[in-house]
Visitor: 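Quick one: structure below, then a few questions.
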Number of protein chains: 2
Amino acid sequence: METVLPKFDSVFSIDCVIFGFEAGELKILLIERNEEPFKDWYALPGNFVGQNESIDDGAKRILYELTGLRNMPIKQLHTFGEVNRHPQGRVITVAYFALIRISGQKDLTPITQYARKAFWIPVNEMPKLAFDHTEIFRSAFSKIRKRLNYQPIAFDLLPEKFTLTQLQSLYEIILNKKLDKRNFRKKMLSYGFLKELSEKQKGVSYRAAKLYKFDRRKYNKIFQNDLNMDALPAAAASEEK
Amino acid sequence: METVLPKFDSVFSIDCVIFGFEAGELKILLIERNEEPFKDWYALPGNFVGQNESIDDGAKRILYELTGLRNMPIKQLHTFGEVNRHPQGRVITVAYFALIRISGQKDLTPITQYARKAFWIPVNEMPKLAFDHTEIFRSAFSKIRKRLNYQPIAFDLLPEKFTLTQLQSLYEIILNKKLDKRNFRKKMLSYGFLKELSEKQKGVSYRAAKLYKFDRRKYNKIFQNDLNMDALPAAAASEEK
DNA sequence: ACAAAAGTGTTGCACGTACACCCATGT
DNA sequence: ACATGGGTGTACGTGCAACACTTTTGT
C-alpha cells in the first residue's frame, strides 16, 4: 500500500562572489544584467539552478555562462532566504565564493544573454547592486577576512610567482592594517611551504626581489594530520558576521 | 513598458541539528517521522518552509512544531542540494544547528502530526537516518568541534551553574581528547568571564566543587573590540570538512 | 580510614612583537 | 650619486605544555 506522493520542483538561485587581485587592489567580479528583473543593474553573477544539477554543479555552470570562467574552486558561503528578497516571489539563493588569479583571465565573455558583460571592480568602488547582493557581498568579504588568518587563501589571488612584498601587501589590503616586514617574512618562510625560485622580478627600477611560489603539495603535507583540535578553548574572536 | 514577469514559488526545507549534554554524554535531538516519505524513520527535525516566512523564522517554527522547543538560538550551517537527496523531487534543504541546555526541557512534545515523538540520543548511538540526514549531522558535528576552539559554545550546553570539572569533561568529549586539569583551569579562569559563585556542588560523596557561572556580559565586553584581525596569517589548520 | 575528586605552581619552550640599518639595482 | 624598495637579527614578553602532590568531604 504505497502512497503516491506529489512531486516537487524547486525554484532557487545561486550567486557567486568572486574575488581577484590586480594592480594592487582587491576586486570582485560583477555582471551587468541584461534581463528583468533588475535589467541594466550591476549584480553578482547568479542565476537559477536547474532541476538536474546539484547546487555545487549549478554554481559552476552559472559562473561559466555569465563570465566565461571555468572550473573555479568555489565554496558555499551562506543561504539567503528573506521573504521579499526577489521581486518575482519566493526565491532563496545560495551564495558561493572563490578567490582567483585575475592575470591571464582577460576574456570575461558571457556565454548567455543574461549578462551584457562581466567585469572586475575594486571592492572600494562597489556600485549599488541588484537584489540583496550588496549584503551577500559584505558577508563574503567579512568571511574571507577571517579566513585569511588560518587558510592559505591569499595564494589563490596572486600570480603563480610572486615576491614576498606582494604577498605582504595583499595581506595588508585584506586585513586593512600594516604588518611588520621582518616578522611577516620570518613567519611566512618558517612555514616551509613557500618555494624560493632562482628567478627574480623583472622590469623594476630598483633592486629586483626574489620570486616565490606557493607549494600546495608541501602545504598539504605539513597540515594534513593537523585537524588542530589541539589547543584549549581559546575563547577569543567571534567568527561569524 | 513594464514586462509582466512570472511568479515563482519555492519548495525547500530546513533541518535542525540540535546538540545537548546530559548524563555526561553529548546528544542530539531526533524525531520519529509520522509521514511519508521515510515514515517511521528517525530523522533530524525538519520540514518545508512556508512561502511567507524567512528561512530563519521557518527554522524556528519547524523546530517548535516538531519538538516543542521554542526560541532556540539556531544558526545556519550549510545548504544541501544534491539532485536526488529527496525522493519526491528537487528539494534542497538548509541545515541549522544549535547547542542547548537539556535540563528542564523535559517535555519534548511534537505539536504537529509530522513527528510521532522527539527524543535525545547520544551522538555515539546514532541510528540510520532518513534522507541525507546522517551527512548533515556529521557536517554539523565537525563544525561545532572546530568552533569550540574559538567560541564559548560549551556554556550553552551546560546547566547555568557548573563546576570546572564538568566544563572540562564537556570539552574533552567534544574534542575527543584528554586535557590537563591544571592548564585547563588556569586558562579558563584567566579569561575572566567565569563568575565564581559562593555555592558549592551538592549531593556528591566526595569533596564538593565550587560552582561557576558563565558571564556573557563580561565575555562580550572582553571580546567586543576583538575582531581579531590581528595575528599574522597563521596558515595552520583547515577549517572546513 | 579510605575512596574520590578538588584544588594548586613552576619551568621550559615556541611564538609573536617591536624595532633600524645596510644592500642591490636601475636611472 | 641617488632613489627605491630588498633584505636581514635580536631581545623581550606571553602563553601553552608538561608534570604530582595535598586537601576536603562523605561513607
Side-chain angles (χ1 to χ4, degrees), chain A residues 23-24 148-150 158 161-173 175 177-212 222-223 226-237, chain B residues 23-24 148-150 158 161-173 175 177-212 222-223 226-237:
Chain A
L148 186 67
N149 286 312
Y150 47 89
L158 289 173
K161 303 167 181 183
F162 52 86
T163 68
L164 289 179
T165 301
Q166 281 163 5
L167 181 61
Q168 181 178 345
S169 70
L170 177 53
Y171 268 90
E172 288 176 343
I173 285 165
L175 299 179
K177 66 186 290 195
K178 277 274 168 206
L179 301 174
D180 179 85
K181 184 160 63 157
R182 274 175 293 189
N183 292 336
F184 182 85
R185 295 160 100 91
K186 207 187 320 166
K187 178 154 181 178
M188 272 300 165
L189 293 173
S190 78
Y191 289 133
F193 53 59
L194 289 186
K195 193 169 170 182
E196 184 180 330
L197 304 176
S198 46
E199 257 174 292
K200 293 205 165 180
Q201 211 177 11
K202 270 174 193 146
V204 289
S205 71
Y206 46 81
R207 174 175 178 184
K210 275 182 219 160
L211 289 170
Y212 291 82
I222 297 171
F223 295 111
D226 197 343
L227 295 183
N228 263 34
M229 301 295 83
D230 336 4
L232 272 191
Chain B
L148 186 65
N149 285 314
Y150 47 89
L158 290 172
K161 303 168 181 184
F162 51 85
T163 68
L164 290 178
T165 302
Q166 281 163 6
L167 181 62
Q168 181 178 346
S169 70
L170 176 53
Y171 268 89
E172 289 176 341
I173 285 165
L175 299 178
K177 67 187 292 199
K178 276 276 166 202
L179 301 173
D180 179 85
K181 184 160 63 155
R182 274 174 295 189
N183 291 336
F184 182 85
R185 295 160 100 93
K186 208 185 321 165
K187 178 155 180 178
M188 272 300 165
L189 292 174
S190 78
Y191 289 132
F193 53 59
L194 290 185
K195 192 168 171 184
E196 184 181 328
L197 304 177
S198 46
E199 258 173 291
K200 293 205 164 182
Q201 212 178 10
K202 271 176 190 143
V204 290
S205 70
Y206 47 81
R207 177 175 176 182
K210 275 183 218 159
L211 289 170
Y212 291 81
I222 296 169
F223 295 112
D226 196 344
L227 294 184
N228 262 35
M229 300 295 83
D230 337 4
L232 273 189

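The sequence lines fix the lettering, A, B, ..., with proteins before strands; numbering per chain opens at 1.
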Visitor: As an exercise, state the distance from CG of B:L164 to CZ of B:F184, rounded to the nearest 0.5 Å.
Guide: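 Those atoms lie 7.0 Å apart.
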Visitor: Could you check how far CG of A:D180 sits from C1' of C:dA20, rounded to whole Å?
Guide: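 The distance from CG of A:D180 to C1' of C:dA20 comes to 11 Å, rounded to the nearest Å.
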Visitor: Tell me which of A:V204 and A:K181 sits closer to the 5' end of DNA chain C, going by the nucleotide each one is nearest to.
Guide: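 It is A:K181 whose nearest nucleotide is closer to the 5' end.
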Visitor: Take atom CG of B:L211 and atom P of C:dG7, then tell me their distance rounded to the nearest Å.
Guide: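 After rounding, the reported distance stands at 9 Å.
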Visitor: Taking any heavy-atom pair under 4.0 Å as a contact, classify B:K210: base, sugar-phosphate, or nothing.
Guide: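 The answer is sugar-phosphate, as B:K210 gets under 4.0 Å only of primed atoms, P, OP1 or OP2.
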Visitor: May I have the distance from A:L194 (atom CG) to D:dG7 (atom P), rounded to whole angstrom?
Guide: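 Distance, rounded to whole Å: 13 Å.
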Visitor: Establish, with yes or no, whether the OP1 or OP2 oxygen of C:dG7 is under 4.0 angstrom from a side-chain nitrogen or oxygen of B:R185.
Guide: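 The answer is yes; a side-chain N or O of B:R185 sits under 4.0 Å from OP1 or OP2.
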Visitor: Rounded to whole Å, please give me the gap between CD in A:Q168 and C1' in D:dG5.
Guide: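 Atom-to-atom, A:Q168 to D:dG5, this comes out as 12 Å.
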Visitor: Check every atom of D:dG6, D:dA17, C:dA6 against the side chain of B:K186 and return the nucleotide holding the closest atom.
Guide: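 Side chain of B:K186 sits closest to D:dA17.
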Visitor: Rounded to whole angstrom units, what separation is found between the CG atom of A:L189 and the C1' atom of D:dG7?
Guide: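 A:L189 atom CG is separated from D:dG7 atom C1' by 11 Å.
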Visitor: Scan A:T165 against the nucleic acid and name what it touches under 4.0 Å (heavy atoms): base, sugar-phosphate only, or nothing.
Guide: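 Sugar-phosphate contact only - A:T165 comes under 4.0 Å of backbone atoms but never of a base.
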Visitor: Roughly how far, to the nearest 0.5 Å, is CG of A:L148 from CG of A:L175?
Guide: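 Rounded to the nearest 0.5 Å, the CG-CG separation comes to 5.0 Å.
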Visitor: Tell me which of A:Y206 and B:S190 sits closer to the 5' end of DNA chain D, going by the nucleotide each one is nearest to.
Guide: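 That would be A:Y206.
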Visitor: Specify the separation, in whole Å, of atom CZ of A:R182 and atom P of C:dA20.
Guide: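 Nearest whole value for this atom pair: 8 Å.
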Visitor: Return the CD to CG distance between A:Q168 and A:D180, rounded to the nearest 0.5 Å.
Guide: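 Those atoms lie 7.5 Å apart.
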Visitor: For the pair made of NZ in B:K200 and C1' in D:dG26, what is the distance, rounded to whole Å?
Guide: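 About 14 Å, once rounded to whole Å.
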Visitor: Round to the nearest Å and state the distance from A:L164 atom CG to D:dG6 atom C1'.
Guide: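 One finds 10 Å between C1' of D:dG6 and CG of A:L164, rounded.
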Visitor: Has the side chain of A:R207 got a donor or acceptor that lies under 3.5 Å from a partner of the other kind on the base of D:dT4?
Guide: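 For A:R207, whose side chain was compared with the base of D:dT4, there is no donor-acceptor pair (under 3.5 Å).
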Visitor: Between the side-chain atoms of A:K187 and the base atoms of C:dG16, is any donor-acceptor pair under 3.5 Å?
Guide: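 A donor-acceptor contact between them is absent.
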Visitor: Measure the spacing between OG of A:S169 and CG of A:L158 and express it to the nearest 0.5 Å.
Guide: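 It is 8.0 Å, given to the nearest 0.5 Å.
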Visitor: Working to the nearest 0.5 angstrom, can you tell me the gap between A:Y212 OH and A:Q166 CD?
Guide: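 Taking OH in A:Y212 and CD in A:Q166, the distance rounds to 12.5 Å.
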